[in-house]
Amino acid sequence: MAFISSGYNPDKPMENRITDIGPRHYEEFYPEVIKKNKGKWLYHEILKPGVLVHVAESGDEVYTVRVGGARLMSITHIREICEIADKHCDGHLRFTTRNNIEFMVDDKSKVDALIKDLEARKFDGGSFKFPVGGTGAGITNIVHTQGWVHCHTPATDASGPVKAAMDELFTDFQSMRMPAHVRIALGCCLNMCGAVHCSDIAILGYHRKPPMVDHAYLDKTCEVPLAIAACPTAALKPKKVDLDGTTVNSIEVNKERCMFCGNCYTMCPSLPLSDKEGDGIVLMVGGKVSNRISAPKFSKVVVSFIPNETPRWPSMTAQLRNIVETYAKDARKYERLGEWAERIGWERFFDKTGLEFSHHLIDDFRDPAYYTWRQTTNFKF
Amino acid sequence: MAKHKTPLLDQLESGPWPSFVSDLKQEAAARAKNEKNVEYQISQDVVEDLLGVLELSYKDGTTHWKHGGIVGVFGYGGGVIGRYCDQPGLFPGVAHFHTIRVAQPAGKFYTTEYLKQLCDLWDLRGSGLTNMHGSTGDIILLGTTTPQIEEFFFELTHNMNQDLGGSGSNLRTPADCIGQARCEFACYDTQDLCHTLTNDYQDELHRPAFPYKFKFKFDGCPNCCVASIARSDMSFIGTWKDDIRIDQDAVAGYVKGEFKPNAGAHSGRDWGAFDIQKEVIALCPTECMKYENGKLEIDNKECTRCMHCINVMPRALKPGKETGLSILVGAKAPILDGAQMGSLLVPFVEVNKENGYEEIKEVVEAIWDWWMEEGKNRERLGELMKRQGFQKMLEATNIKPVAQHVQEPRTNPYIFWKEEEVEGGWERDVNEFRKNHLR
Amino acid sequence: MEIAEAKEKIVEALTKKSKSKSKFYFNDLSEILELKPREAKKLISKLVEDEVLEYWSSGSTTMYGLKGTGKQAAAEHED
């Protein structure tokens with residue numbers, strides 16, 4: 001392949017340089033009906049799972065068809081999305097915060113053809129390219145991180161567990177039988193790029209083995225003070241190590257102090273921590289971000305460890321199904337998973353879901369732990 | 001014919017949910033075929049090698065990526081994340097595989113013209129793989145080599161009038177909900193505030209001078225669809241001060257079953273006929289509503305604007321007209337001292353497009369000044385708040401303490417009185433004291 | 001402060017420490033310059049533009065170093 005220059009001159013990087021222009025202006029991208037009625041919407045209705053209508057003061061309507069998407073997406077797939085939007089939506093579309101794609105049309109008569117087109121498209125492997133759903137009191141798309149596709153500290157994959165989970169929960173992506181929304185998120189390590197900490201159900205990758213130290217190479221590739229400073233629990237200290245008669249600068253890990261975050265590996269590739277047996281998944285439940293009825297809540301750990309069972313994580317998906325079904329059966333209308341668990345009591349949550357309660361689920365991490373212990377005689381047997 | 005066998009990944013092609021494996025394979029095949037005769041600037045079989053290394057991870061249960069320190073284009077301290085494969089011999093196509101973050105437009109609306117142009121550029125200079133979108137909101141372009149980064153940026157800015165997003169100790173690319181573009185609940189124009197602040201603070205977004213990352217998110221109402229209250233150092237949540245607007249005829253419509261409650265969100269199950277007492281009045285957290293003689297009444301003074309009644313009856317109820325936003329600060333994920341939710345700093349501020357959001361920017365800049373001066377390396381705003389205390393933040397931002405700032409007053413009396421707050425100050429004469437108190 | 005003075009101070013301080021580490025936080029640099037962060041930032045950004053300093057990022061945090069120093073570039077075969 002021949003190198004094609006963009007016009008950039010590496011010897012004079014500032015020549016003709018354009019910087020600090022930010023994203024494109026949002027108004028360039030609005031469909032006509034949105035531009036015209038912005039700020040003047042009267043109400044909306046979910047006509048069926050994945051299909052919404054918004055009605056404006058002007059009488060205009062916009063019909064939205066929401067479809068799920070794998071957030072890992074090729075340009076071939078994006079071009080197909082564009083082809084659909086060109087055909088049905090005057091060349092406009094939008095993505096949601098939860099990786100769904102929204103196709104909008106300005107007339108009811110255009111909806112059925114759009115849905116038919118979307119539903120007919122399948123990948124060679126047989127899965128839907130554009131499943132319609134993800135609205136209302138159902139289970140919408142999972143927000144997630146990179147996992148083994150692209151990250152250096154994941155304790156699990158992201159796209160794979162998400163695919164397995166959404167296959168398992170697919171009927172609930174396309175229906176609205178839940179008591180309230182169920183928001184699922186996946187973060188592939190405890191750093192939680194996906195900020196899964198306020199989700200109804202959070203799937204979180206977790207390492208359980210401290211980093212190994214590659215003494216022979218550490219001083220060649222890493223700067224010891226930087227690696228040590230990267231550790232949030234001060235578990236690392238410098239150490240001189242004797243290797244076949246030569247003394248090398250290296251690092252000692254205080255293993256009891258390690259919280260398995262991988263921050264040291266970010267700074268120093270000679271401190272790898274990922275491990276087939278050590279790594280796996282934690283399940284957390286009961287978080288929410290909405291202020292509706294009750295205040296936003298953090299998710300709580302209810303399953304301390306599930307191994308990475310590639311390629312389909314069957315134990316994890318079985319637990320998801322169990323939690324979702326128990327909630328769907330027992331909660332009241334409008335009650336989020338966390339509100340339900342608090343109403344019945346967490347001891348009852350473990351009864352009803354059959355999940356095992358273990359010492360790992362009692363908080364022992366720093367100050368906030370105290371506030372999670374029970375300080376009343378009011379509890380259920 | 002696939003370059004690497006992927007028996008484990010192949011099992012993720014079945015099932016109804018869109019398969020990323022099928023999509024990767026489709027991209028690999030498209031590159032191999034190269035119908036448009038693209039002069040690929042990175043390895044043509046990059047996607048094959050990505051499938052190969054991912055299959056290896058599925059086999060050995062570990063990642064094969066290393067972090068790299070590459071940060072961006074010249075003069076920017078973020079926007080690109082370096083990635084290197086730890087099996088470059090087996091998968092040379094992805095040996096160097098850096099991520100580029102492209103700032104997404106507010107509201108994530110697109111024209112196909114724009115997306116196609118971006119696809120063409122990424123086809124030429126990258127792997128052809130993306131995330132639509134990353135967790136913070138950016139368009140993520142997955143995988144290219146170092147020499148392509150400046151070339152990509154040059155074309156992105158010159159041909160697409162489009163900039164990179166943030167990473168590292170920068171302002172991260174701000175994100176917003178759909179807002180007034182297509183939502184009747186939005187109390188302010190999230191897209192305009194998001195876009196304006198993103199552009200006004202380009203220097204903060206590209207040239208890192210913060211102790212750590214800093215996120216803005218904009219939610220049009222307390223439903224918080226972009227999770228600003230949990231995920232952003234500074235969260236802007238639409239709210240209102242006056243009365244919820246009631247259309248009594250529409251309320252009657254809901255009671256009679258003419259309209260589906262909650263806009264039809266619960267229609268997948270038979271929950272029985274809509275019961276306004278049970279589903280609205282009894283669930284109101286402040287018990288400030290009643291429905292008597294066919295009339296809905298709200299004691300608005302007691303309402304905390306939780307949105308429940310409005311969500312259930314969107315045709316009948318609307319937020320008030322005196323709208324603005326609340327600013328909450330300090331939310332973050334659990335690492336390190338535990339998760340933090342945003343704490344209320346500004347109960348209400350008008351959203352004033354005409355003066356360029358002056359009042360809001362004043363708060364933003366006061367917070368930044370405080371954090372930049374007092375924050376330790378890698379200390380998020382929320383952690384600084386915990387370390388120095390809420391009072392220090394009020395002083396730094398010159399905001400008057402009000403009861404709305406707390407859930408409850410303190411449960412200990414250990415008030416660190418300042419000398420100037422105590423009558424007569426702290427300087428005393430011990431000899432005077434001894435006149436009345438023997439040694 | 002003039003840019004020349006800032007350059008001298010930064011280069012001297014960073015060179016002195018270069019035996020043990022090559023990357024520094026923004027706060028370390030503003031301390032070397034003895035300036036408030038916003039003032040320091042203008043000079044530090046200029047030093048990046050003049051190719052005296054360069055950025056290094058862990059993805060979540062950004063650090064600064066004298067251009068071309070440090071071990072990692074060599075380890076990544078990018079030099």
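Letters A, B, ... are given to chains in the order of the sequence lines, protein chains preceding strands, and every chain is numbered from 1. Computation of the quantities below employed the complete heavy-atom set of this structure, encompassing side-chain atoms and omitting hydrogens, waters and symmetry-equivalent molecules.
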J.: Checking A:Glu45 side chain against B:Gly264 main chain: does a donor-acceptor pair fall under 3.5 Å?
T.: no

J.: Give the minimum heavy-atom separation between A:Ile4 and B:Glu151, together with the two atoms involved.
T.: O-OE1, 4.2 Å

J.: Side chain from CB out, backbone as N, CA, C, O: work out which of these in A:Ile101 comes under 4.5 Å of a heavy atom of chain B, or both, or neither.
T.: neither

J.: Would B:Met132 and A:Ile81 count as a side chain to side chain contact (heavy atoms under 4.5 Å, CB included) here? Give the steps.
T.: CA-CA 12 Å; B:Met132 296 299 283; A:Ile81 292 169; over 6 Å; no

J.: Please check if the side chain of A:Ser290 supplies one atom and the backbone of B:Cys224 the other of a donor-acceptor pair under 3.5 Å.
T.: no

J.: For B:Lys108, check salt bridge (charged side-chain N to carboxylate O under 4.0 Å, His left out) against everything at least two apart and list the hits.
T.: none

J.: Checking B:His206 against A:Thr19 for the side chain to side chain donor-acceptor pair (under 3.5 Å) test, could you report, in this order, the C-alpha distance in whole Å, the side-chain angles of both residues, the deciding distance, and whether it holds?
T.: CA-CA 9 Å; B:His206 296 306; A:Thr19 66; over 6 Å; no

J.: Check each atom of A:Asp157 against the heavy atoms of chain B and say whether the ones under 4.5 Å are side chain, backbone, both or neither.
T.: side chain

J.: Between B:Glu279 and A:Arg332 (salt bridge meaning N to carboxylate O under 4.0 Å), is one present in this structure?
T.: no

J.: Begin from the C-alpha positions of A:Tyr26 and B:Asp189 and carry the test side chain to side chain contact (heavy atoms under 4.5 Å, CB included) through to its verdict.
T.: CA-CA 12 Å; A:Tyr26 56 89; B:Asp189 186 347; 4.1 Å; yes

J.: For B:Glu150 and A:Arg17: C-alpha separation, side-chain torsions, deciding distance, then whether salt bridge (Lys or Arg N to Asp or Glu O under 4.0 Å) applies.
T.: CA-CA 10 Å; B:Glu150 286 288 353; A:Arg17 195 169 193 80; 3.1 Å; yes

J.: Measure B:Cys221 against the heavy atoms of chain A and call it side chain, backbone, both or neither at under 4.5 Å.
T.: neither

J.: Which atom pair, heavy atoms only, marks the closest approach of B:His266 to A:Met178?
T.: ND1-O, 3.9 Å

J.: With a 4.5 angstrom heavy-atom cut-off, which part of A:Phe170 approaches chain B: side chain, backbone, both or neither?
T.: side chain

J.: Tell me, side chain or backbone of B:Ser57 under 4.5 Å from chain A's heavy atoms, or both, or neither?
T.: both

J.: Compare every heavy atom of B:Ser135 with every heavy atom of A:Thr145, then report the nearest pair and how far apart it is.
T.: CG2-OG, 4.2 Å

J.: Which answer fits A:Ser5, side chain, backbone, both or neither, if we ask what part of it has an atom under 4.5 Å from a heavy atom of chain B?
T.: both

J.: Assess the residue pair B:Leu283 and A:Glu335 against the criterion (side chain to side chain contact (heavy atoms under 4.5 Å, CB included)); give the C-alpha distance rounded to whole Å, side-chain angles, the decisive distance to 0.1 Å, and a yes or no.
T.: CA-CA 10 Å; B:Leu283 290 179; A:Glu335 202 167 47; over 6 Å; no

J.: Please list, chain by chain and in numerical order, all residues satisfying side-chain hydrogen bond (donor to acceptor under 3.5 Å, both in side chains) with A:Arg183, sequence neighbours excluded.
T.: none

J.: Compare every heavy atom of A:Asp20 with every heavy atom of B:Asp203, then report the nearest pair and how far apart it is.
T.: N-OD2, 3.8 Å

J.: Can a salt bridge be assigned to the pair A:Asp86 and B:Lys116 using a cut-off of 4.0 Å between side-chain N and carboxylate O?
T.: yes

J.: For the pair A:Lys163 (side chain) and B:Ser14 (backbone), establish whether a donor and an acceptor sit closer than 3.5 Å, ignoring hydrogens and angles.
T.: yes

J.: Chain A heavy atoms under 4.5 Å from B:Arg83: which part of the residue, side chain, backbone, both or neither?
T.: side chain

J.: Say whether, by atom type as modelled, one donor and one acceptor occur between the side chain of A:His197 and the main chain of B:Ala230 under 3.5 angstrom.
T.: yes

